[in-house]
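The chain is numbered in sequence order, starting from 1. Only heavy atoms go into these numbers, but all of them, side chains included; no hydrogens, no water, no symmetry mates.
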Amino acid sequence: MDTAAVLSLLQDVAAQVITPRFRALGSGEVSEKNPGDLVTVADHESEALITAALRDAHPRALVLGEEAMASDPSLIEQFASAEHAFTVDPVDGTKNFVHGSPDHAVMVAEVRGGEVTRGWIWQPQHEASYVAERGAGAWLNGERLTVTTSVTAPYRTARRAWVGRDLPGLGTLELTWACCGVDYPRLIAGDAAALVYSRSMPWDHLPGSLILTEAGGVIGDHEGGPYRPQAPSSGLIAAPDRDTYDAVRAALTA
């Protein structure tokens, strides 16, 4: 599938099974995978539709969906060695979605030879599409996207236990938007000085990481190494530039 076709797929699926349930979920349409880890009928139906379309177009590619992995943990091991793969996050920010927040997204990324080559984020309630192709730039609703550096925006973390943690010389960590499909675009827009994560599940970070780097930003692990899409990581730092990334990494170990 070409890049525009994948974006259209995400938009169509969201319109079909996600948005009609926004602020209209029935009592039996929300459950827990683990305590506090919500999943809805929209997650399952969205992932099934996207996965089927990607498999039809790319029958030799592995498709790693968040909900499929919850049922079959071996998929993450297959993904680690796959030459060609897609990741699918059918409703990123499920808690936000359940609680009626528009800050949720549908995301897909493509990996070839260990590198993220394409990434898509569709925010249905904000009607915002973020798309990137490796080496070809990042785009917001068809307009070229460039990262904005802010000297006043807060440093943010998705790990609630780290909220309020002091980063010496930088400031205090505040909470992100609890949705990677919103976090990365808000970082690019200058609404965060940097993002600090303690987890690196591929469906969460691959689309935004490519969009960020193609817009001119930087992402790496807490040890100073590059983000490797198919390898586990102890945590990630996303920043608008190398100096900010280095400063945050130093502050985390101070």
Side-chain angles (χ1 to χ4, degrees), residues 1-16 18-19 22 46 50 53-54 86-94 96-97 101-111 115-156 158 176-197 202-220 227 229 236-242 244-245:
M1 298 177 75
D2 67 23
T3 301
V6 175
L7 176 59
S8 292
L9 169 66
L10 303 193
Q11 293 171 327
D12 291 346
V13 168
Q16 180 180 345
I18 297 174
T19 296
F22 181 52
S46 173
I50 294 169
L54 292 174
F86 290 89
T87 62
V88 179
D89 196 334
V91 182
D92 185 46
T94 298
N96 292 351
F97 178 70
S101 168
D103 287 342
H104 55 269
V106 189
M107 304 196 298
V108 167
E110 182 179 26
V111 177
E115 287 191 327
V116 190
T117 56
R118 295 190 291 174
W120 299 262
I121 296 173
W122 171 237
Q123 299 173 353
Q125 306 311 316
H126 298 304
E127 296 187 343
S129 66
Y130 296 85
V131 177
E133 295 185 22
R134 178 169 293 277
W139 308 84
L140 165 57
N141 290 345
E143 299 291 330
R144 189 67 179 255
L145 195 57
T146 303
V147 71
T148 298
T149 301
S150 172
V151 297
T152 59
Y155 295 82
R156 295 185 181 269
T176 68
W177 293 267
C179 170
C180 287
V182 173
D183 292 352
Y184 282 97
R186 295 294 290 265
L187 171 64
I188 293 168
D191 296 325
L195 304 172
V196 181
Y197 295 99
W203 50 80
D204 285 326
H205 295 282
L206 296 195
S209 67
L210 181 65
I211 292 164
L212 172 65
T213 55
E214 286 296 316
V218 173
I219 188 167
Y227 178 31
L236 298 172
I237 301 167
D241 53 58
R242 175 61 59 176
T244 303
Y245 167 82

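- Between the side chain of Ser209 and the main chain of His205, a donor-acceptor pair closer than 3.5 Å is present.
- Two residues are said to be in side-chain contact when any heavy atoms from C-beta on lie closer than 4.5 Å; Tyr245 and Ile237 meet this criterion.
- Pairing each heavy atom of Ala193 with each of Ala153, the nearest pair is CB-O, 3.4 Å.
- Listed here is the closest heavy atom pair of Ala105 and Pro124: CA-CD, 4.2 Å.
- Of all heavy-atom pairs between Ala128 and Leu140, the closest is CB-CD1, 4.1 Å.
- Separating the OG1 atom in Thr176 from the CZ atom in Arg156 is a distance of 8.0 Å, to the nearest 0.5 Å.
- The backbone N or O of Ser101 lies less than 3.5 Å from no partner atom in the side chain of Asn96, so there is not a single donor-acceptor pair.
- Between Val91 and Val106 there is no side-chain heavy-atom pair separated by less than 4.5 Å.
- Across every non-hydrogen atom of His104 and Val182, the tightest pair is N-CG2, 4.2 Å.
- Although no hydrogens or angles enter the test, the distance criterion places a donor-acceptor pair under 3.5 Å between the side chain of Asp183 and the main chain of Trp177.
- With a 4.5 Å cut-off on side-chain heavy atoms, Ile219 and Leu236 count as touching.
- If you run side chain to side chain contact (heavy atoms under 4.5 Å, CB included) between Phe97 and each of Ile18, Asp92, Asp103, only Ile18 comes through.
- Scanning all heavy atoms of the two residues, the minimum distance from Ala238 to Leu212 falls at CB-CD2, 3.7 Å.
- Using a 4.5 Å cut-off on side-chain heavy atoms (C-beta onward), Leu9 and Met1 make contact.
- No donor-acceptor contact under 3.5 angstrom links the side chains of Thr117 and Glu133, judged on distance only.
- Taken from CD1 in Ile188 to OG1 in Thr149, the straight-line distance is 11.5 Å, to the nearest 0.5 Å.
- With sequence neighbours excluded, the residues that form a side chain to side chain contact (heavy atoms under 4.5 Å, CB included) with Pro90 are Asp43, Ser46, Glu47, Glu66, Glu67, Val88.
- Here the side chains of Leu210 and Trp120 are not in contact, with every heavy-atom distance at 4.5 Å or above.
- Put simply, the side chain of Asp204 reaches to within 4.5 Å of the side chain of Asp89, judged on heavy atoms.
- Using the six-membered ring where Trp is involved, Tyr184 and Tyr197 have ring planes that are parallel, under 30° apart on the 30 and 60° scheme.
- Contact annotation: the side chain of Leu206 approaches that of Tyr227 to within less than 4.5 Å [non-hydrogen atoms, C-beta and beyond].
- Among all heavy-atom pairs drawn from Pro202 and Pro229, the shortest one is CB-O, 4.2 Å.
- Using modelled atom types and a 3.5 Å distance limit, the side chains of Thr3 and Arg118 yield a donor-acceptor pair.
- The backbone N or O of Gly181 sits less than 3.5 Å from a side-chain atom of Gln123, completing a donor-acceptor pair.
- Contact check for Val108 versus Pro207: no side-chain heavy atoms found under the 4.5 Å cut-off.
- For the residue pair Ser129/Gln11, the side-chain donor-acceptor check at 3.5 Å is not satisfied.
- Judged by distance alone, the side chain of Thr19 and the main-chain N or O of Ala15 form no donor-acceptor pair under 3.5 Å.
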Trace of the side chain to side chain contact (heavy atoms under 4.5 Å, CB included) decision for Arg144 with Trp139: CA-CA 5 Å; Arg144 189 67 179 255; Trp139 308 84; 3.6 Å; yes
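- Remark: the backbone N or O of Gly137 is paired with a side-chain donor or acceptor of Glu214 at under 3.5 angstrom.
- Taken from CG in Asn141 to CG in Leu7, the straight-line distance is 8.5 Å, to the nearest 0.5 Å.
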